[in-house]
Structures are given as C-alpha cells and as structure tokens.
Amino acid sequence: DAGAIEAVVAAMQAYPLVADVQDYGCVAMANMCVGSDAAAFARKQRAADAGGIEVAVAALQAHPQVAEVQEEGCAALVNVCSGADGAGRARKQRAADAGAIEALVVAMQAHPQ
C-alpha cells in the first residue's frame, strides 16, 4: 500500500463535491484500515496522519443525502478510529474534534434503514 492511503486522501480533498469520489474514497480507506494486527494499526495511524479522519467527516457533511457516502464514510471512521491504546483514543478524539459525532448522528437520522 505504498502511498495508497495518502493518494486516496488527496483525491478526496481534490474533489470534495463529487459524491462518487467521496464514496469510493471512503470504501478504499475503510478497506485499507480494517484489521487488528500491528500492520492494520499502522495503516489506521497513517490514514489519520494523512488527514483521513477529517476528509471522511467532510464527505459526510458535503453529501448528507447520498446514502452510499454516508454508509461508507461511517465505515471509514469506524475502521480508522478503532483501537483501545493511546493512539486509538487519540484518533477517536481527533474524529470528535473534526465533527464526526454530529456527522454520524445526521447520517443515522437521514438514513435510518
């Protein structure tokens, strides 16, 4: 995944109003950050360091009525922010500071199914 996380974040930052870019970017980030081994936690941290948390929140905020963006944005945040160690707690706090809690509530209200 040499540079893949950073490339996904850069694409999402470059095209914030293109719902498909946000959807597929969130899918890619969620998939790259799944897992609970040391390599997965390193990818989660790389995603956070690259701005992945903020770009996922921005995707949720920019496309509140696009169910796919909402679903995949939530999945990306779950996977990037998972972890019970200090780094995981810091990623969760970073997400909260970026507005993730509010964005996730809006997503659940708009798309209860």
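Taking CD from Q113 and NE2 from H111, the interatomic distance works out to 7.0 Å, rounded to the nearest 0.5 Å. Taking CD of Q22 as the reference point, atom CD of Q61 lies at 11.5 Å (rounded to 0.5 Å).
Under the rule for a side-chain contact (heavy atoms from CB on, under 4.5 Å), the partners of V18 that lie at least two apart in sequence or sit in another chain are Y15, V21. Take E72 and apply the side-chain contact (heavy atoms from CB on, under 4.5 Å) test, not counting sequence neighbours, and it matches D23, C26, V27, A75. In terms of the side chain to side chain donor-acceptor pair (under 3.5 Å) criterion, residue partners of D49 (sequence neighbours excluded) are, by chain and number, Q45. Taking the side-chain contact (heavy atoms from CB on, under 4.5 Å) definition, one finds that E71 meets it with nothing, sequence neighbours left out.
A 4.5 Å side-chain heavy-atom check between V106 and L60 finds every atom pair outside the cut-off. Here the side chains of M32 and R46 are not in contact, with every heavy-atom distance at 4.5 Å or above. Using a 4.5 Å heavy-atom threshold, the side chains of I5 and M29 count as separate.
The minimum heavy-atom distance between Q13 and A50, with the atom names listed, is NE2-O, 4.3 Å. Scanning both residues, A98 and I53, for their nearest heavy atoms gives CB-CG2, 4.5 Å. A pairwise comparison of heavy atoms in C33 and V80 identifies SG-CG2, 3.8 Å as the closest pair. The two residues A96 and I101 make their nearest non-hydrogen contact at CB-CD1, 3.8 Å. The two atoms that bring M12 and A59 nearest to each other are CE-CB, 4.2 Å, heavy atoms only.
Applying the side chain to side chain donor-acceptor pair (under 3.5 Å) test to every pair with at least one member in residues 76-89, sequence neighbours left out, gives these pairs: K44-S82.
Annotation: Y24, atom OH; neighbour count of heavy atoms from other residues, nucleotides and ligands within 6.0 Å does not exceed 12.
Through direct or indirect side-chain contacts shorter than 4.5 Å among Ile, Leu, Val, Met, Phe, Trp and Tyr, V66 is connected to V69.
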